[in-house]
Amino acid sequence: MLSLPELQFRFVAALYGGSYDSLAQWIDDDGIDGEARIGIYRNNMREAFAKTLALEFPVIERLVGSDYWRQLVREFQANHPSRSGNLHHIGAPFAAFLRRLFGATPYAYLADVAELEWAYQEALVAADAPALDVGALQSVAPEQCAKLVFALHPACRLVPTGYPVIRIWRANQPDVPVPETLDLRSGADLILVRRAAASIEFIALLPGQFAFLQALSRSAPLGEALDAALAVDDAFDAAQALRRFVALGALTGASI
Amino acid sequence: MRAACRRHADTQVSEAVSDLSLDATPLSSCREERAASCSGRVRTGIGLRAQHHAQIVAQRPAIGWLEAHSENYFAHGGSQRESLRKIRAQYPLSLHGVGLSLGSIDPLDRQHLRELERLVHEFDPMLVSEHLSWGSIGGRFVNDLLPLPYTEEALQHMAERVGQVQDVLGRQILIENVSSYLQFTCSQMTEWEFLTALVRESGCAILLDVNNIYVSAMNHGFHAPTYLQAVPAAAVREIHLAGHAVNRVGPREIRIDTHGEPVCQAVWELYAQAVERFGPVPTLIEWDTDIPALDVLVGEAHEADRVAQVPRAVAA
């Protein structure tokens with residue numbers, strides 16, 4: 001008699017490419033071979049995974065082509081199997097996987113593109129949060145302002161890249177039949193991903209602005225965030241940046 | 001080498017803060033009125049798909065209710081959940097989970113259960129359901145509905161897990177039979193005997209998927225009506241109808257539960273028998289892949305009404 005835990009371990013091992021032998025005597029193979037029956041489940045599992053990943057990373061699929069994409073997905077699934085009953089989560093380690101594969105090659109840009117695509121997915125489902133109460137800020141004493149700590153809106157993401165990733169993304173959207181050829185050295189986008197009313201937006205930030213927002217997002221007090229921005233751009237205008245980020249809804253909360 | 005940072009001037013910081021616009025946008029909060037839950041027989045419902053949300057809200061099709069896949073609405077923000085609120089304001093809602101992996105010997109995913117509880121609390125569904133299956137082990141998920149061996153051990157385990165979920169949610173859940181492509185040699189009873197025993201052990205109800213009964217009956221060579229006759233009638237609180245595909249493995253046919261086709265004639269006939277046995281049980285048209293136009297789903301729902309002889313005058 002095979003225990004339930006043992007049966008389940010052997011079953012999933014067989015689905016993930018392990019040997020069928022330890023399972024063979026426990027599966028009724030009347031009419032259709034037991035291994036073929038397991039094959040149906042294996043096929044279902046692979047198709048569901050591949051379909052979900054393609055929905056989450058359509059630009060990567062388009063960039064690498066469908067043949068190589070199939071191979072990539074197989075390798076990714078073997079190394080990073082689904083760890084949740086919610087298939088949506090399978091994309092979380094994909095950018096890091098691509099970086100390990102391609103980091104030292106001319107295809108390193110794929111990892112950055114995947115970072116942007118995953119940030120898009122996260123922004124779609126992230127919690128909402130109330131707008132920053134700017135009225136309350138007026139009562140903060142001037143000498144206290146440097147200590148203010150803000151939070152990045154939960155549906156915002158900051159994605160630093162080394163390539164013109166926004167243009168690569170746009171050029172590979174479904175409504176663009178033939179993507180333009182881009183010079184990979186023509187940009188290094190520092191991207192704010194935000195959820196607007198009906199869609200996700202990508203905003204390319206200047207280095208000072210990005211450093212500022214990144215510091216704020218890491219709970220650095222306002223004074224330190226300003227220092228971080230000035231280190232990158234000594235003409236950084238804090239007032240303009242704050243106004244812009246508040247208007248974009250990128251900041252929530254403010255405490256000392 | 002990093003250049004030395006220029007220390008900010010406190011005035012620059014305080015000016016930046018005071019420079020912000022004084023208009024504070026008031027936080028909007030609105031509560032939609034909840035549609036009254038229907039009592040008694042409702043018209044046939046349809047599975048809620050993302051691509052139909054806007055159309056359902058705008059056109060208010062003549063269906064009795066909608067069923068959403070719970071996991072699709074776990075997101076804490078974004079348009080899906082907001083859209084579900086609008087739909088819930090117009091129709092009764094059922095929540096159908098596919099990812100809890102109840103039959104797995106892995107511990108229940110507490111976070112998943114919390115999310116489900118949050119969803120149930122917010123949307124006040126008429127029914128909450130999951131599957132007679134498992135889909136994970138050792139933390140690796142298959143994201144499919146794998147069949148259980150029908151053993152005493154599996155029964156006790158499944159009953160204990162169903163009990164846990166019912167305790168957390170504070171309500172009865174429905175367990176749905178799945179289509180299967182294999183049977184285990186160690187099974188000690190039939191699937192319908194297992195399901196019947198599960199009802200007795202855990203106090204759960206049954207979501208009877210008539211298409212899945214047909215698919216499994218054809219795949220394993222049992223008589224589909226036997227299943228209908230065997231399960232306790234009082235426990236059947238929802239019926240699913242769906243389509244399937246016929247594939248071949250070598251010379252043999254096998255039916256695959258795609259839920260991506262119209263309901264076939266044999267399943268309509270089996271449904272008619274189910275209505276005769278179980279009476280006016282809420283029925284749902286399930287279509288999960290190759291989603292057609294909303295009209296097609298509504299058409300299938302009206303066909304189910306006709307088979308069940310639901311009077312047209314019954315309000316949705």
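The chains referred to below are lettered A, B, ... by the order of the sequence lines, with proteins before strands, and numbering in each begins at 1.
Contacts of Pro5(A) with chain B are made by both backbone and side-chain atoms, with heavy-atom separations under 4.5 Å. Proximity to chain B (any heavy atom under 4.5 Å) is shown, for Ala238(A), by both the backbone and the side chain. Heavy atoms closer than 4.5 Å to chain A are found nowhere in Leu100(B), neither backbone nor side chain. In this structure, chain B has a heavy atom under 4.5 Å from the backbone of Gln25(A), while its side chain stays farther away. At a 4.5 Å heavy-atom cutoff, Phe245(A) makes no contact with chain B through either its backbone or its side chain. Neither the backbone nor the side chain of Thr52(A) comes within less than 4.5 Å of any heavy atom of chain B. Contacts between Val12(A) and chain B at a heavy-atom distance below 4.5 Å involve backbone atoms as well as side-chain atoms. Both the backbone and the side chain of Ser180(B) come within less than 4.5 Å of a heavy atom in chain A. If you measure heavy-atom distances from His69(B) to chain A, you find no contacts under 4.5 Å at all. For Leu23(A), no part lies near chain B; criterion is any non-hydrogen pair under 4.5 Å. In this structure, no portion of Thr258(B) lies under 4.5 Å from any heavy atom of chain A. With a 4.5 angstrom heavy-atom cutoff, Asp144(B) touches chain A only via side-chain atoms. For Ser187(B), no part sits under 4.5 Å from any heavy atom of chain A, backbone or side chain. For Ile256(B), the part lying near chain A is the side chain, with the backbone staying farther off; criterion is any non-hydrogen pair under 4.5 Å. Only the backbone of Glu253(B) comes within less than 4.5 Å of a heavy atom in chain A; its side chain stays farther off.
Here CD of Gln8(A) is found 4.5 Å from CD1 of Ile137(B). Values are rounded to the nearest 0.5 Å. Atom OG1 of Thr289(B) is separated from atom CD of Glu47(A) by 10.0 Å, given to the nearest 0.5 angstrom. Residue Gln188(B) holds its CD atom at 4.5 Å from CE of Met1(A), rounded to the nearest 0.5 Å. Note that CD of Gln183(B) is 16.0 Å distant from CH2 of Trp26(A), once rounded to the nearest 0.5 Å. Atom CD in Gln80(B) sits 9.0 Å away from atom CG in Leu124(A) (nearest 0.5 Å). To the nearest 0.5 Å, the span separating OG on Ser84(A) from CD on Gln111(B) amounts to 9.5 Å.
Note: Phe11(A) and Trp134(B) have perpendicular aromatic rings, judged against thresholds of 30 and 60 degrees for the angle between ring planes.
Chosen from Asn86(A), Leu15(A), Ile27(A), the residue pairing most often with chain B at heavy-atom distances under 4.5 Å is Ile27(A). Of the listed residues (Ile254(B), Asp109(B), Val98(B), Thr151(B)), the one with the most heavy-atom contacts under 4.5 Å to chain A is Ile254(B). With chain A as the partner, the residue from Cys186(B), Gly97(B), Ser70(B) showing the most heavy-atom pairs under 4.5 Å is Cys186(B).
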Candidate pair Leu4(A) and His157(B), rule side chain to side chain contact (heavy atoms under 4.5 Å, CB included), full reasoning
CA-CA 9 Å; Leu4(A) 185 61; His157(B) 174 70; 4.0 Å; yes
Going through the distances and angles, do Tyr181(B) and Asn44(A) end up as a side chain to side chain contact (heavy atoms under 4.5 Å, CB included)?
CA-CA 11 Å; Tyr181(B) 316 117; Asn44(A) 281 355; 4.0 Å; yes
Start with the C-alpha gap between Glu153(B) and Leu7(A), add the side-chain angles, then the distance that decides, and say whether side chain to side chain contact (heavy atoms under 4.5 Å, CB included) holds.
CA-CA 12 Å; Glu153(B) 184 192 7; Leu7(A) 184 148; over 6 Å; no
Intermediate values then yes/no, side chain to side chain contact (heavy atoms under 4.5 Å, CB included), Val142(B) and Tyr41(A):
CA-CA 9 Å; Val142(B) 175; Tyr41(A) 287 105; over 6 Å; no
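A pairwise comparison of heavy atoms in Gly31(A) and Arg252(B) identifies CA-NH1, 3.2 Å as the closest pair.
With a 6.0 Å radius and a threshold of 12 heavy atoms from other residues, nucleotides or ligands, Arg83(A) has its CZ atom above the threshold.
There is no side-chain donor-acceptor pair under 3.5 Å between Asp28(A) and Thr185(B).
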